Amino acid sequence: MAEHYDAQAVETKWQQRWEQQGAYQVDNDDPRPSYYVLCMYPYPSGPAHQGHIRNYTFGDLLVRQRTMQGYAVLSPIGFDSFGLPAENAAIKTGTHPRLYTEARIEELKSSLKRLGASYDWRREIRSHDPLYMRWNQLIFQKFLDAGLAYRKNAPVNWCPGCQTVLANEQVLADGTCERSGDVVVKRDLEQWFFRITDYADVLLDELDGLHWPERVKTMQRNWIGRSEGAEFELRVDGRDDEEAIRVFTTRPDTSFGMTFVVLAPEHPLVDRITTDDRRLEVEAFVERVRHESDIERQSSEAPLERRGVFTGAHAINPFTGKPVPVFLADYVLITYGTGAIMAVPGQDQRDWDFATAFDLPIIRTVEPPVDWVDGPYLGDGPAVNSDWLDGLPVAQAKAKAIDWLESQGIGERKVNYRLRDWLLSRQRYWGCPIPVVHCPIDGIVKVPEDQLPVLLPDDVEFRPTGESPLRYHAGFLYTTCPKCGGPAERETDTMDTFVDSSWYFERFCDPWTTSEPIDMEAATRWMAVDQYIGGIEHAILHLLYARFYTRALGDLGLAPVDVREPFVRLFTQGMITMDGSKMSKSRGNLVAPEHYFDGVGADALRLFHLFVGPPADDFDWAEQTDQMIEGCHRFLGRLWRLGIRAVDRVELVEREPTESDLEMEKETHRLIDRVSSDFDRWSYNTAVAAAMEFVNAVYRRIQSPDAARRESVDFAVDSLLLLLAPMAPHITAELWERRHPGSPSVHTQAWPVADPAQVKVDVVTMVVQLNGKVCTRIEVGAGIGESDAIDLVQADPKVVKAIAGRSVKRVIARPPGLVNLVV
RNA sequence: GCCCGGAUGGCGGAACAGGCAGACGCGAUGGUCUCAAACACCAUUGGAGGCAACUCCAUGCGGGUUCGAUUCCCGCUCCGGGCACCA
């Protein structure tokens with residue numbers, strides 16, 4: 001009776017052995033060529049969920065394959081351990097966020113170990129580790145020195161649910177918080193910002209060179225939102241130059257068609273230019289808009305007549321010298337451009353609508369096509385009604401208009417971005433404190449470097465008041481000014497957790513160094529990350545911030561300056577959903593991996609995640625999913641019996657290779673070729689399918705009446721184990737050890753390489769078509785020539801019968817695959 | 001509204017450069033083993049017709065290009081995602 005496949009025993013054995021041997025530790029002086037694989041470090045919310053399993057299975061596969069290919073693979077892991085859920089749990093249950101978080105980390109860590117994922121655990125980073133906090137704070141101070149971090153009072157996004165401000169990136173398109181779903185409101189607050197806009201153009205330009213999904217690059221391009229145009233001044237009729245209105249436009253070529261000007265209601269000139277007869281109405285309008293939230297204002301469905309108001313003032317269009325009326329409208333934003341626009345209804349939809357509503361003139365300055373019906377024309381065409389621009393296409397007219405503005409000294413070329421500076425301060429406890437004090441005499445003063453990190457006090461009370469517990473903690477709050485020694489208050493805001501995740505991948509290169517945040521030598525060796533793997537949900541936030549940080553750190557001499565981009569290649573895996581919605585703790589639709597570890601085993605679960613579909617596609621967890629996982633387990637059972645040479649007690653024979661034995665060897669080479677190329681193109685599902693198909697074929701051969709040659713079968717099975725090692729690491733390690741006692745682990749063997757001569761097939765099935773429809777198939781030699789193929793086809797009895805005497809008009813021969821006869 | 005994906009059997013999916021549609025797995029049906037079951041194994045499995053050889057239909061819908069289209073082009077429908085007064 002052959003020993004059956006016991007996943008528990010095998011997996012426990014190997015996990016223990018890997019841990020004891022430190023099998024996945026990689027030293028910085030490893031002589032092999034470097035390869036850095038990284039999965040986005042997780043927020044520790046408890047045991048792993050299926051999304052984690054999927055993510056870390058893909059990563060682990062690559063780590064193991066690259067290791068077999070001869071690389072020193074850096075594969076670190078850590079925990080994004082600051083964040084709101086721990087603090088909310090503290091308010092609810094009274095457990096301290098640190099204890100809560102560390103318990104969750106242990107659970108998640110256990111899951112990852114049971115998955116059999118290979119990490120250099122010595123390099124583990126936790127964001128809340130005082131050593132990491134120290135460097136996080138030091139980097140902040142360097143940014144402060146460099147003017148990259150600053151403080152300003154601004155209307156900011158306040159989430160009443162999270163009781164903190166949010167970055168623009170954390171507010172969804174519908175105006176709700178990406179985390180809690182509450183409607184975000186505007187509040188004027190003094191906040192900390194990072195000057196990410198300084199890097200807007202490079203962050204945009206350098207996207208081109210990245211091997212990232214096009215979708216993600218597009219999302220970042222849209223988010224940065226570069227627009228090129230001109231900025232220029234319009235004198236207000238009857239006023240001096242001090243009160244000129246600056247406008248930004250992407251269409252300076254259409255300036256002759258400007259028939260009015262619109263200011264944002266918050267524009268500083270509103271009060272000064274409004275005429276007395278219009279003042280009451282204007283003030284009422286400004287007042288009304290001020291009381292609207294951003295979402296109300298943006299989603300306003302009020303009729304246009306109510307969304308704007310005439311100020312009574314007129315501005316002089318510098319191109320025509322003629323006055324045009326100045327309006328206010330809620331759709332003009334004070335936060336973009338100059339907060340004022342020139343309106344050209346002939347070439348802009350909103351201006352057209354506004355002009356129609358207020359009965360303002362419309363002048364076309366670009367000739368629309370002859371069949372143009374109505375409405376603003378946004379396309380290219382010759383300029384009209386534009387004096388010295390007439391006849392020029394849009395691009396040339398733009399350039400000429402800008403040249404003119406510059407020659408007149410009233411305007412210039414200008415680029416604007418949609419991207420705003422990154423608001424990083426949070427009014428919460430469980431985050432990294434911002435390391436400054438506020439002194440009534442010296443203002444903002446950095447906490448001296450030798451006093452870093454500023455730690456979070458443990459003895460705080462978590463109350464649902466909405467204010468950070470740090471504000472009530474006298475011991476933390478009251479301090480002395482490092483400069484003058486007088487009484488001062490500590491900053492009680494903490495950093496956005498996206499700060500922590502913006503440089504952890506650089507710290508992984510040498511997480512031990514105590515003299516600087518990033519060890520230059522180590523980072524030079526390992527950076528950039530060769531392959532980064534994570535969820536699409538981080539397409540903008542994390543991936544943009546990390547790119548900004550990498551550049552800024554390089555520019556400040558804190559990281560290798562030649563590492564301009566952190567992630568060379570990015571892979572975004574699909575989501576696991578259930579009934580179409582995201583799996584999450586709050587929805588209560590988590591399917592715990594532990595259940596499968598205890599049952600079919602980690603290898604079967606890994607194989608399932610690889611097999612179920614393209615890694616980039618979403619997968620909906622459904623009724624049949626368990627049975628599919630069972631199927632993967634069944635496959636491993638078949639592999640097991642092959643591996644221990646116990647397939648139905650079949651005896652393999654020693655003999656000179658027969659035709660069939662040689663064919664199996666060729667199939668083996670083809671499998672090696674197939675799996676290798678499938679891996680290279682992230683097609684794990686087809687790689688698994690090929691392995692299954694191969695196992696079926698080997699079974700058929702050894703169970704056939706003339707059996708199979710031992711040597712050929714051994715080559716087939718050993719190759720199979722090597723190819724499956726990155727996918728199902730435990731069972732392959734066990735079988736390899738049993739088959740090769742005393743040999744090094746399967747995971748340190750060289751990745752197999754197919755012999756190209758063996759990959760080639762010599763007999764192929766040639767499809768014979770009649771008028772494009774399949775008529776028959778003929779086995780032919782792979783090297784068959786065109787005329788031989790045609791002769792063969794025309795001699796085929798089936799073909800002769802099908803043609804039935806009709807004349808062949810045309811022959812399309814694509815030997816050896818196909819011949820098509822047209823009759 | 002704009003941009004980007006996607007739609008293939010009962011289900012997940014395959015077809016990599018325009019050339020055999022449905023690989024592989026799940027499910028289903030029948031069988032072998034068993035006292036019986038579980039496990040395992042074998043066979044069949046897109047639909048319709050036919051005893052059968054075989055025929056017809058079929059990759060969301062409608063057109064087109066081509067000897068030949070799941071694949072390319074045009075026009076729709078539905079689903080998913082991103083952006084959305086950004087001047």
Side-chain angles (χ1 to χ4, degrees), chain A residues 4 172-174 213-223 225-227 229 247-251 262 264 297-300 307 329-333 335-344 347-351 353-354 416-420 536-537 539-540 575 577 580 607-608 611-614 616-620 622-632 634-635 637-638 641 647-648 674 677-678 680-681 683 685-696 699 703 765-777 809-814 817-823:
Chain A
H4 83 286
L172 301 180
D174 65 353
E214 222 28 69
R215 188 161 58 127
V216 176
K217 292 206 259 186
T218 306
M219 282 163 74
Q220 291 213 352
R221 282 192 194 103
N222 289 342
W223 188 261
R226 177 186 164 103
S227 48
V247 295
F248 171 72
T249 178
T250 54
R251 294 296 301 274
V262 190
R297 190 163 153 181
Q298 281 174 24
S299 63
S300 174
R307 299 188 53 193
D330 63 357
Y331 70 79
V332 175
L333 307 176
T335 48
Y336 186 78
T338 58
I341 61 164
M342 69 169 199
V344 187
Q347 275 81 225
D348 183 280
Q349 185 67 52
R350 286 156 308 172
D351 295 347
D353 296 342
F354 198 85
N416 258 315
Y417 296 92
R418 213 193 73 111
L419 181 73
R420 308 290 150 82
I536 185 79
E537 66 272 22
I540 296 172
M575 271 192 330
T577 58
L607 207 61
F608 160 76
F611 179 56
V612 71
D617 288 6
D618 289 351
F619 172 73
D620 199 60
E623 300 264 325
Q624 273 195 16
T625 303
D626 271 0
Q627 284 150 344
M628 292 167 75
I629 297 170
E630 279 294 336
C632 291
R634 220 166 5 246
F635 166 73
R638 278 164 77 75
R641 290 190 296 280
V647 176
D648 289 349
R674 171 97 201 259
S677 68
D678 280 356
D680 290 345
R681 62 186 183 105
S683 184
N685 52 329
T686 53
V688 176
M692 288 173 166
E693 204 171 356
F694 182 75
V695 165
N696 294 344
Y699 265 78
Q703 289 175 326
T765 306
M766 185 168 72
V767 175
V768 182
Q769 294 183 336
L770 218 62
N771 293 336
K773 287 192 171 183
V774 179
C775 163
T776 186
R777 302 172 175 92
K809 287 192 196 119
R810 199 175 155 191
V811 180
I812 294 111
R814 296 279 182 278
L818 175 122
V819 171
N820 185 15
L821 303 176
V822 186
V823 298

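The structure displayed is predicted, hence computed values, not measured ones.
In this structure, of C20(B), C24(B), C11(B), it is C11(B) that holds the atom nearest to the side chain of Q624(A). Distance from the side chain of D678(A) is smallest to C16(B) among C42(B), C16(B), G12(B). Checking C41(B), A87(B), G13(B) against every side-chain atom of R641(A), the shortest atom distance belongs to C41(B). Ranking A87(B), G25(B), C41(B) by closeness to the V332(A) side chain, first place goes to A87(B). Looking at the side chain of T250(A), the nearest of the listed nucleotides G25(B), A87(B), C16(B) is A87(B). Closest to the L333(A) side chain, of the nucleotides C42(B), C16(B), C86(B), is C86(B).
At the heavy-atom level, V811(A) lies nowhere under 4.0 Å from the strands shown. At the heavy-atom level, K773(A) lies under 4.0 Å from the strands shown only through sugar-phosphate atoms. Across all strands, N696(A) comes closer than 4.0 Å only to sugar-phosphate atoms, never to a base (heavy-atom distances).
Between the CZ atom of F248(A) and the OH atom of Y336(A) there is a distance of 5.0 Å, given to the nearest 0.5 Å. The distance from the CZ atom of R251(A) to the CG atom of D348(A) is 9.0 Å, given to the nearest 0.5 Å.
D618(A) and T577(A) share no side-chain donor-acceptor pair at under 3.5 Å.
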Taking N or O atoms only and anything under 3.5 Å, show me the protein contacts with nucleotides 65-67 of chain B, one pair per line.
unit_1, atom_1, unit_2, atom_2, d
C67(B), OP1, R810(A), NH1, 2.7
C67(B), O2, N820(A), ND2, 2.2

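Taking atom P on both nucleotides, U70(B) is separated from A58(B) by 10 Å, rounded to a whole Å. Here the separation of G63(B) from U71(B), taken at their P atoms, is 14 Å to the nearest Å. Taking atom C1' in both G10(B) and U65(B), the straight-line distance is 36 Å, to the nearest Å. The separation of A38(B) from G31(B), taken at their P atoms, amounts to 14 Å, rounded to a whole angstrom. G12(B) and G60(B) are spaced 14 Å apart, taking the P atom of each and rounding to whole Å.
Side-chain nitrogen and oxygen atoms of R634(A) include at least one within less than 4.0 Å of the OP1 or OP2 phosphate oxygen of G27(B). Contact check, N685(A) against A14(B): a side-chain N or O comes under 4.0 Å of OP1 or OP2.
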| task | Could you provide the dot-bracket string of RNA chain B, using ( ) for intrastrand pairs, [ ] for crossing pairs and | for bases paired to another strand, with Watson-Crick or G-U pairs below 3.5 Å? | result | (((((((..(((......[....)))((((((.......))))))((((....))))..(((((..]....))))))))))))....
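Side-chain atoms of R420(A) come within donor-acceptor range of the base of C86(B), with a qualifying N/O pair under 3.5 Å.
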